Amino acid sequence: MTTRHAHAAEPDRRRPRPWGDPLFRGLTAAAAVLFLALAAAILLELVNGSTLSLAKFGPSFLWSSAWNPVTGDFGALSSIAGTLITTAIAMALAVPMSLVIALFLVELAPPAVSKPVGAAIELLAAVPSIIYGMWGLFVFVPFMSDHVQPFLSAHLGFLPLFKGPPMGIGLLTAGIILALMILPFITSVMRDVLRMVPPVVKEAGYGMGSTVWEVARKVTVRYGVRGMVGACLLGLGRAVGETMAVTFVIGNNHRVGTSLFDAGNSIASALANEFAEAADPLYLSALVELGLVLFLMTFAIQGLTHVWIRHLERSAGRGL
Amino acid sequence: MNKFIAVLMACLTFAALAAAADLTGAGATFPYPLYAQWADSYKKLTGVGLNYQSIGSGGGIAQIKARTVDFGASDAPLTKAELDAAGLVQFPMIVGGVVPVVNLEGIAPGALKLSPAVLADIYLGVVKKWNDPAIAALNPGLALPTRDITVVHRADGSGTTWIFTNYLDKVSPAWHGKVGCGKEVAWPAGVGGKGNEGVAAYVQRIKGSVGYVEYAYALQNKLTHILLQNRAGVFVAPTQATFQAAAAGADWSAAPGLYVVLTDQPGDASWPITGASFVLIHREQQDAARAKSLLDFFAWCFADGDAAASHLDYVPMPDDVVALVESVWGAEVKSAGAAIWK
């Protein structure tokens, strides 16, 4: 009773204030614009920092494989190639596996299994990347050099991709470590996406006499395609820019080889390694330009994916 | 609750005061463990602390030029011209050695002998196998494996690399022509590990590898060091004594700006890949009292810090070099025209 009286005593509470909505709109808009401005500022700063290198090397920076701090000749080819190759290996391994794990957890596993496994996946997603790097160097690299790489050279050694001494480190190892890193990431988002597919839609599928596989393939996955591509994008973003885990195992070498066993480098690892001691202005400028290339690469990947999603929606239909 | 806040405020104020009195430095990572040890002992003794950020030599040089720290530290010395342009004074603090290490089954520490030319050829990728005739000729009676050589170098720019490539640059015309000397170079062969610990880990991991690390890392990781032929033609082992021999053989007083590189020094006992780690301070000091307290700290390190240095596997500066450094302080470090060190 008393509370009711108190409410009655403050009739203003319920009347909307005339400036409330505009204020809210202004605040949220400002936050959104700030984000855009931040991205623009980063781009501007990167371009500004790399003017020396841009002026000296021009577009040939992108396909030159030189990297000589002594003579001041720089090119980004090995770093770009390393970034793309390791990311491609990581995505090729992680995406199908994540999809299978997520489908199992949502569609097939009893709660007694899916709950603890789900918790374990979220835990793995929160492990800092340096831990993956250290584990990679001290545990996974010896395993690669003693077992995986000799096996690959013995059976697939006729391909140039699997030639070379099995040192354990290199592009392949870095790609696999990246896959392990982004797997829990992608899986946990995919699981959430698949969970949001309305049961009615799936039950309609089962009602038609479809098997679990058919429902998963033709109903669940199609319904969640947009969210699942988003999940992959998150993983991709992490793989492209990952620094410490890659630096530990990639071998850090500015050379472009033909074998996945070769040591290489990625843009992020080159920056992590060389920034601290780059005193020469041109050297510093070349490193900043590497950062610019990474920034633009991420932008391009995002843009292409958006185009692809739109295409998918046109062909597969939005939400089935 | 109020009492708690009062205590907290008191603590914060105290911390702020203590921080204000602390000396600040930034730069090379190589001497960091020793500087930290010295700072700790000195603080217990005098109450004056040191906040040293091991951000790398390049960063240290940039910070001292910008006057954001009291001193900078670099593993590679600046030339007289660079010092004059920035108004800096430079002096050596400690000496250390860079040690080539190998991972070869059946080869004990100090069993493998290499000459400067062969070491350079290995790093150039010319000598590719451990049983190469060039290596076998230096090691009669040693069973060399047929393994491929995997060269390991630093991936990050570093003073250690500067000392190592400076040495190869001096002893090998081919290296001088193709690669040169720098904190980071275009390596003709091999794989790169991040930091001394990264190189040490790769050498331990990869069979048939050869790498180079600071002496302390070779000892701590129990890596297999080699014997290297010095300028006098003698094969020497990396020890504190051979580093000190290299430092003692150098003519510091004749070097403008104390620009002395200790690689490839003469003398039967000299380890050829030796280097000093330098400290940079401004010639013109704004705060005389603070500058005096900074020089007091360095003087204490030279006088009473030798045991700590040796314990951490660094080599203290010889006494005649210390006397020379202190005379340079007296002559060059000034505040408003008055000498600070008397």
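Labels below follow one simple rule: chain letters A, B, ... track the order of the sequence lines, proteins then strands, and each chain is numbered from 1. What you are looking at is a predicted structure, and each value in this text was computed from that prediction instead of being measured.
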- Task: Using non-hydrogen atoms and a 4.5 Å limit, figure out which bit of B/I55 sits close to chain A: side chain, backbone, both or neither.
- Result: backbone
- For chain B, which residues from residues 281-295 of chain A have at least one heavy atom closer than 4.5 Å to it? A/Y283
- Query: Would you say A/H147 has more than 12 foreign heavy atoms packed within less than 6.0 Å of its NE2?
  - Reply: yes
- Query: What residues of residues 37-64 of chain A sit under 4.5 Å from chain B when only non-hydrogen atoms are counted?
  - Reply: none
- From the list B/C181, B/G58, B/G190, the residue making the most non-hydrogen contacts under 4.5 Å with chain A is B/G190
- Between CD of B/E184 and CG of A/D280, what distance do you get to the nearest 0.5 Å? 12.5 Å
- Message: So which residue, B/G59, B/S57, B/G182, ends up with the most heavy-atom pairs under 4.5 Å with chain A?
- Response: B/S57
- Item | chain B interface, residue from A/V70, A/D73, A/I250 that has the most non-hydrogen pairs under 4.5 Å | A/V70
- Examine whether an atom of B/A28 lies under 4.5 Å from a heavy atom of chain A, and if so say whether it belongs to the side chain, the backbone or both; otherwise answer neither. neither
- Rounded to the nearest 0.5 angstrom, the CG-CD distance for A/L137 and B/Q204 is 9.5 Å
- Item | Donor-acceptor under 3.5 Å (B/R205 side chain, A/M167 main chain) | no
- Query: For chain A, which residues from residues 149-159 of chain B have at least one heavy atom closer than 4.5 Å to it?
  - Reply: B/T150, B/H153, B/A155, B/D156, B/G157, B/S158
- Message: Is it true that, when you exclude B/K129 itself, more than 12 heavy atoms of the residues, nucleotides or ligands shown sit nearer than 6.0 Å to its NZ?
- Response: yes
- Query: So how far is it from B/K207 NZ to A/S145 OG, rounded to the nearest 0.5 Å?
  - Reply: 6.5 Å
Side-chain donor-acceptor distances from residues 152-165 of chain A under 3.5 Å, at least two apart:
unit_1: A/S153; atom_1: OG; unit_2: A/Q149; atom_2: O; d: 2.7
unit_1: A/H155; atom_1: ND1; unit_2: A/F151; atom_2: O; d: 3.0
unit_1: A/K163; atom_1: NZ; unit_2: A/G157; atom_2: O; d: 3.4

- Query: So which part of A/M134 gets closer than 4.5 Å to some heavy atom of chain B, the side chain, the backbone, both or neither?
  - Reply: neither
- Task: Evaluate whether atom NZ of B/K170 has more than 12 neighbouring non-hydrogen atoms of other residues, nucleotides or ligands under 6.0 angstrom away.
- Result: yes
- Item | Region of A/A272 that comes under 4.5 Å of a non-hydrogen atom in chain B | backbone
- Taking all atoms of both residues into account, what is the closest heavy-atom pair of A/P69 and B/A186, and its distance? CD-N, 4.0 Å
- OH/B/Y32: more than 12 non-hydrogen atoms of other groups inside 6.0 Å: no
- Least distance between heavy atoms, A/N252 atom then B/Y202 atom: ND2-OH, 4.5 Å
- Item | chain B contact via A/N253 - side chain, backbone, both or neither, heavy atoms under 4.5 Å | side chain
- Specify the closest pair of heavy atoms between B/V191 and A/A263, including all atoms of both residues, with the distance to one decimal. CG1-CB, 3.4 Å
